[in-house]
Amino acid sequence: EFLSLAAEKLGKPAPKKPIAPIMLKLLATVLGIISKITQKRPSITHEEAYFACQKYRVNFDKAIKELGYRNVPLEQSVDEAIAYMHEQTG
C-alpha cells in the first residue's frame, strides 16, 4: 500500500506485484558481488533486503503514553516524506 501510494504521488508506475523474499535476498547477493567489482554501492544490500522481508508487529502504547506519540495517517506520512526528500535534494 505504501509503495503504491508513493508511486501515485510521484507520478510513477506502481509496483506490479511484490517480489518474493527469497528473490529479493538473491538479488541483493548478486548486486553485492557486482558492487565489489564496480566499487559502487549496490541498489540494495543484503542487510536491507533482510529487513525489507521481515514482518513487524508494533505496539505504540508506550510511545503514546510516555512520549506523546501520535499516529499519522499513511497518506500524510507519504506526503511529508516526499516533501522532506525534495528539500534534501534541492
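A pairwise comparison of heavy atoms in Ile64 and Tyr69 identifies CG1-O, 3.6 Å as the closest pair. Considering every non-hydrogen atom in both Lys25 and His46, the closest pair reads O-CD2, 4.4 Å. When all heavy atoms of Glu75 and Leu5 are compared, the pair lying nearest together is CA-CD2, 3.5 Å. The nearest pair of heavy atoms linking Ser77 to Val72 is OG-CG1, 3.5 Å. Between Pro42 and Gly32, the closest heavy-atom pair is CB-N, 4.4 Å. The two residues Ala7 and Ala14 make their nearest non-hydrogen contact at CB-CA, 3.7 Å.
Side-chain atoms of Gln76 never come within 3.5 Å of backbone atoms of Pro73 as a donor-acceptor pair (strictly under, hydrogens ignored).
Ile37 and Val30 sit in two unconnected hydrophobic clusters of ILVMFWY residues. Membership requires side-chain heavy atoms under 4.5 Å apart, directly or through other members. If you chain together hydrophobic residues whose side chains sit under 4.5 Å apart, Ile19 and Ile22 fall into the same group.
With contacts defined as side-chain heavy-atom distances shorter than 4.5 Å, the pair Ile82/His86 qualifies.
Residue Thr29 holds its OG1 atom at 9.5 Å from CG of Leu24, rounded to the nearest 0.5 Å. Atoms CD1 and CZ, from Ile44 and Phe51 in turn, are 12.0 Å apart once rounded to the nearest 0.5 Å. Interatomic distance, Thr38 OG1 to Lys36 NZ, rounded to the nearest 0.5 Å: 11.5 Å. With rounding to the nearest 0.5 Å, the separation of CE in Met85 from CG in Leu10 is 7.5 Å.
Taking a 6.0 Å sphere around OH of Tyr50, one finds it holds 12 or fewer heavy atoms contributed by other residues, nucleotides or ligands. The neighbour count for Leu67 CG, taken as heavy atoms of other residues, nucleotides or ligands under 6.0 Å away, is above 12.
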